Amino acid sequence: MQTIYDTFQSVAGLMEAKPLFRRPGQPDISYAETRDLAERLATVLAGLGVRPGDRVAVQVEKSPEAIALYLATLHAGAVFLPLNTAYTGAEIDYFLGDAAPRLFVCSPDMLAAHAHRAGDALAVETLGSAADGSLMDRAALAQPSDAPHPSGPQDRAAILYTSGTTGRSKGAVLTHGNLASNPDALVEAWRFTASDVLIHALPIFHTHGLFVAANMVLTTDASMIFLSKFDGPQALELMREASVLMGVPTFYTRLLKTPGLDRDAVARMRLFVSGSAPLLAEDHRAFEEATGHAILERYGMTETCMIASNPYEGARIPGAVGMALPGIEIRIACRETGRALPAGEIGLIEVRGPNVFEGYWNMPEKTAAEFRADGFFITGDLGMIGPDGYLRIVGRDKDLVISGGYNVYPKEVEEAIDDLPGVLESAVIGLPHADLGEGVTAIIVPRAGGTLDPEGIAAALSGRLARYKQPRRVILADELPRNVMGKVQKAELRRAYADIYN
């Protein structure tokens with residue numbers, strides 16, 4: 001098996017002058033230039049005391065240099081730990097204390113807030129989005145590193161911390177084998193080649209932006225138009241020179257509001273991918289009607305990278321995430337017994353394959369609890385595999401509502417609500433209820449300029465859902481709280497409305 005870095009090094013040696021990063025209004029950065037910077041940064045890391053297996057924690061703005069630092073960390077045999085740029089000082093205290101990195105890299109403008117962390121056990125350096133910072137100063141004086149550390153498939157490559165919405169944030173440890181397996185599967189599944197040009201507008205502290213989008217480009221000699229953030233009109237203009245967009249549902253919601261979105265505007269594009277959160281079925285249909293392209297939805301998570309995908313050739317079904325990627329096994333299991341369930345029944349989604357992480361950093365008991373004896377990882381998602389073979393996700397196990405002893409799957413209720421006139425989107429949660437245990441509660445966002453009557457919504461659902469599934473309360477809201485990847489934060493909703501049945 002070749003690691004991500006091994007493959008990148010091979011690719012860069014074949015097409016040195018080819019642009020890897022294309023940036024509107026700025027010079028291109030080639031494969032050779034990126035490789036040279038990564039090799040010089042690897043020398044810098046060694047000089048700062050980073051050894052194979054050490055953690056390199058990074059909280060910086062998105063830039064080509066940040067990708068080079070990721071590659072340098074892999075070159076050195078160290079473990080890359082990207083951190084959300086929105087994390088506060090208290091959160092950084094937790095991550096640095098838990099992961100015990102040898103090096104922490106922050107943005108130059110944050111050095112004053114983090115300089116006190118430096119000591120014998122932790123070096124603190126900076127890296128800016130304009131190719132500035134102390135790491136770049138050191139790299140300018142450094143010689144390229146010799147041959148990379150000989151990492152194997154079982155060696156650790158990265159740690160990604162989960163969101164921690166239900167307790168202590170957990171560090172998912174990903175090996176070189178985990179990272180390499182995903183591009184191998186996705187390149188085949190999505191027909192990704194060196195001729196592709198990817199619009200990259202995702203953050204790079206997350207699986208989607210770094211281990212899917214960036215790794216696919218780095219290992220195929222493709223190019224990416226590297227954007228600091230997503231802007232609908234800009235993205236639409238760039239589609240005249242790109243071929244693939246990988247995004248979150250918010251990207252497509254914004255594109256649908258962008259004037260000029262039609263078949264001519266996307267004539268050069270061959271693939272639109274959506275993930276990290278559910279895509280509204282209405283947006284799926286509206287986008288296909290406007291562009292002729294059916295958005296390809298896929299399924300993945302921090303601990304596994306990508307698991308399943310709608311087909312490149314074949315039906316891309318709204319609300320479904322397709323079938324297992326090559327080399328990956330998916331099964332649906334009973335929540336209570338762990339028994340495998342037949343097609344059509346709802347249960348826990350479990351997965352086994354080379355993509356599945358090693359375990360949680362410094363949490364052996366939690367790791368053991370999340371794996372079956374036969375090696376299947378319990379994702380915590382609830383789903384079903386239909387007669388058509390497509391996997392459908394109905395919600396998180398922790399979001400399951402148990403009302404009056406009955407299981408209520410939020411996704412089923414949300415889909416019924418979202419089909420009603422005047423509804424933009426909804427989130428269904430369970431809240432403490434003295435009689436029922438949990439009361440089914442719907443938070444609904446009306447369409448712009450529209451009005452909704454909570455009682456009318458309840459009446460409309462009476463003929464579509466069994467009584468125990470119908471919301472006891474309907475709450476209207478301007479928007480639903482989301483994280484940076486577009487996932488609705490139901491834990492936040494549960495906190496906000498915890499007392500409504502009291």
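None of these values were measured; they are calculated from a predicted model.
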Taking Asp93 first and then Arg117, would you say they form a salt bridge - that is, a charged N and a carboxylate O separated by under 4.0 Å? yes

ring-ring contact (aromatic ring centres under 6.0 Å, His included) for Phe205 and Tyr161? Distances and angles first, verdict last. CA-CA 10 Å; Phe205 49 74; Tyr161 277 86; over 10 Å; no

Looking at the rings of Tyr87 and Tyr94, which for Trp means the six-membered one, are their centres under 6.0 Å apart? no

How would you list, by chain and number, every residue that makes a side-chain contact (heavy atoms from CB on, under 4.5 Å) with Ala343, sequence neighbours excluded? none

Test item: Asn310 side-chain N/O and Leu296 main-chain N/O as donor-acceptor pair under 3.5 Å: no

Salt bridge (charged side-chain N to carboxylate O under 4.0 Å, His left out) with Asp399: of Lys411, Arg494, Lys487, only one passes, and it is Arg494

Taking everything shown except Glu282 itself, do over 12 heavy atoms lie less than 6.0 Å from its CD? no

Lys/Arg-Asp/Glu bridge criterion (N-O < 4.0 Å) met for Lys170, Glu303: no

Lys490/Glu414 salt bridge by N-O under 4.0 Å criterion: yes

Within 45 degrees of the axis of the six-membered ring of Tyr312 and under 6.0 Å from its centre: does Arg316 put its NZ or CZ there? yes

N-O pairing of Arg285 and Glu289 below 4.0 Å: no

Using the side-chain contact (heavy atoms from CB on, under 4.5 Å) criterion, which residues pair with Arg352? Sequence neighbours excluded. Glu329, Asp374, Phe376

